[in-house]
Amino acid sequence: MDTWKISGGESLFGSVRIPSAKNSVLPLMAASLLCSGTVTLTDVPNLSDVMASRRILQSLGCKVRWKGRTLSITPGQQIGSTVPEEYMRAMRSSVFYLAPLLVRTGKALIYTPGGCRLGARPIDLHLKGLADMGAEIRQSGNALEVTAPTGLHGAQISLRFPSVGATETLLMAAVCARGETILRGVAIEPEVIDLIRFLQSAGACITGAGSRTLHIMGRDFLSGTQFRPCPDRITAATVLCAVAGCGGEALLTNTCNDDLLPIVRVLRRAGCSIAACGPHSLAISSCGRVGGVENLFTDVHPAFPTDAAPLVGAAMLRAQGETAITDTIFENRFSCAEGFSALGASVSVSGRTLYVHGVPALRAARICAPDLRGGAALVIAALQAEGESYLTGIDHIARGYEDLTSLLGKLGARIVSTHWMDE
Ligand code: EPZ
């Protein structure tokens with residue numbers, strides 16, 4: 001079983017460059033199907049979810065080339081309509097193929113998407129919006145057949161919740177639908193804005209980016225384009241929380257500081273010193289035992305993001321004071337609490353709230369990553385624990401972090417791949 005040995009108890013010092021955002025790259029890869037020419041994405045991180053998307057595109061008949069960190073996608077003349085079930089199950093982002101396939105082939109055969117087990121993750125908003133644009137939907141067990149034999153038409157759609165994924169699906173559908181679509185109540189997460197910028201660079205007519213209402217005038221096809229996805233704010237949050245919890249000083253480059261403000265504010269409240277060094281770089285310093293942050297609630301952007309909730313929880317395990325973090329987005333965000341406890345933390349979960357009573361020290365343990373961000377949170381926790389911890393379940397982490405061991409290794413963190421049997 002692949003395992004990381006994490007030698008904790010040291011402060012972190014150094015400089016790291018933040019890679020591009022997984023949650024931007026994945027919808028952009030799917031949106032490439034809408035383009036008639038080659039799409040070139042630069043500075044793409046090598047993640048297992050990116051590899052899974054690459055396999056989906058290839059299975060649909062696209063030519064996909066990796067060169068260095070550049071990904072070129074050329075949709076073939078003949079595009080398939082089915083995403084195989086094993087690919088759909090591999091990740092939640094497989095749902096992004098629904099709209100482009102519908103636009104491109106008039107039909108999409110997909111299966112219920114997989115992904116982190118954070119609670120119920122329905123796709124009703126995606127489907128309802130597509131139905132408003134003329135799609136017909138048939139579901140049989142896990143299989144979904146969505147058809148639009150005469151194409152999609154513009155519509156006025158109001159989302160009851162500003163879902164990131166549903167906003168992205170409906171944007172991809174609307175840019176090539178007949179006539180105008182007005183999307184109300186949309187998500188404004190930085191990765192949604194990135195998708196809008198990408199689509200615009202390929203010729204799409206979208207106005208209102210950054211507001212809750214988007215006006216989209218559909219056109220027959222989009223052109224090829226070259227695009228560099230935005231920096232990953234959650235990877236940046238991971239580094240910031242690791243330094244906050246372990247103590248030390250770090251410089252983060254290739255950041256989008258405005259997008260990080262909700263996280264920076266919380267860590268400052270806990271006593272970290274964080275300063276911008278220009279618009280794309282941040283310096284953090286922490287004494288190690290920060291103060292607790294009571295009554296922190298996650299919410300949609302521009303509020304504190306759900307993906308950073310377990311990371312901040314991990315940074316607070318040795319805080320002098322109490323922390324309570326409530327995730328309003330997902331039901332089961334804090335599965336990592338079991339691992340925190342194994343490391344000697346004083347934590348409990350009630351409903352959607354993680355309670356942390358800071359303790360002076362953590363101890364090494366054998367722990368298992370329950371999901372992507374919960375896994376990263378356990379790495380942060382183990383780095384604060386004296387001794388050698390062993391973390392399994394690292395496949396979850398590889399889905400969203402290019403190489404977390406070497407990223408944190410640049411700050412002096414000692415994390416090596418090993419095997420249970422080696423020890
Ligand atoms: C995106 O997921 C991200 N994933 C998630 O990041 C992130 O946690 C989430 O947005 C919230 O910011 C990608 O971008 C690939 P949502 P998504 O649709 O699109 C409910 C990570 O760790 N909902 O905004 O699935 C849903 O149940 C991942 O990188 C419906 O009810 O999030 C949830 O409670 C994990 N019906 C809420 O909305 C729908 O049709 C937010 O979901 C869709 C969503």
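When a ligand or atom number is given, it counts from 1 through the structure's own listing order.
Side-chain N or O atoms of N257 include one that pairs as donor or acceptor with a backbone N or O of G278 at under 3.5 Å. In this structure, S389 contributes its side chain and A365 its backbone to a donor-acceptor pair below 3.5 Å. Counting only distance, with no hydrogens or angles, the side chain of S32 and the backbone of L28 share a donor-acceptor pair below 3.5 Å. No donor-acceptor distance shorter than 3.5 angstrom exists from the side chain of E294 to the backbone of I325, with no hydrogens or angles considered. Using modelled atom types, one side-chain atom of H280 and one backbone atom of T255 make a donor-acceptor pair closer than 3.5 Å. R399 contributes no side-chain N or O that, together with a main-chain N or O of L47, makes up a donor-acceptor pair within less than 3.5 Å.
E402 and R69 are joined by a salt bridge, as a carboxylate oxygen and a charged side-chain nitrogen come within less than 4.0 angstrom of each other. The pair R160-D124 meets the salt-bridge criterion, since a charged nitrogen lies less than 4.0 angstrom from a carboxylate oxygen.
The D307 neighbourhood of ligand 1 comprises atoms 5 (C), 6 (O), 7 (C), 8 (O), 21 (C), 22 (O), 28 (C), 29 (O), 35 (C), with distances under 4.0 Å to a heavy atom of that residue. If you number the atoms of ligand 1 from 1 as listed, the ones under 4.0 Å from a heavy atom of H126 come out as 40 (O). Below 4.0 Å from some heavy atom of R333 lie the following atoms of ligand 1, by number and element: 8 (O). Heavy-atom proximity to F161, at under 4.0 Å, picks out these atoms of ligand 1: 37 (C), 38 (O), 41 (C). In the vicinity of T306, heavy-atom distances shorter than 4.0 Å reach the ligand 1 atoms 8 (O), 11 (C), 12 (O).
For the 3.5 Å distance criterion, the side chains of T418 and Y390 fail to qualify, holding no donor opposite an acceptor.
Under a 4.0 angstrom heavy-atom cut-off, L372 registers as being in contact with ligand 1. Contact analysis leaves E191 out of contact with ligand 1, as no non-hydrogen atom separation drops below 4.0 angstrom. Ligand 1 lies out of reach of H396, whose nearest heavy atom is not under 4.0 Å from it. For the pair R399 and ligand 1, no heavy-atom separation below 4.0 Å is found. At least one heavy atom of K22 sits closer than 4.0 Å to an atom of ligand 1. In this structure, P122 is part of the shell of residues with a heavy atom less than 4.0 angstrom from ligand 1.
Of the candidates R121, R160, H301, the one placing a heavy atom closest to atom 2 (O) of ligand 1 is R121. Considering D327, V164, D371 only, the shortest heavy-atom separation from atom 10 (O) of ligand 1 involves V164. Looking at S24, P305, S163 and measuring to atom 18 (O) of ligand 1, the nearest heavy atom belongs to S163.
Identified under the salt bridge (charged side-chain N to carboxylate O under 4.0 Å, His left out) test for residues 221-239, with sequence neighbours left out: D43-R228, E191-R233.
For the side-chain hydrogen bond (donor to acceptor under 3.5 Å, both in side chains) with T306, the qualifying choice from D299, T298, D327 is D327, the only one to do so.
At a 3.5 angstrom cut-off on N or O pairs, G165 counts as close to ligand 1. Not a single N or O atom of F330, backbone or side chain, sits closer than 3.5 Å to an N or O atom of ligand 1. The N/O atoms of L125, backbone and side chain alike, include one that comes under 3.5 Å of an N/O atom in ligand 1.
Contacts of D124 with ligand 1, taken as heavy-atom pairs under 4.0 Å, involve both backbone and side chain. At a heavy-atom distance under 4.0 Å, atoms from both the backbone and the side chain of I329 approach ligand 1.
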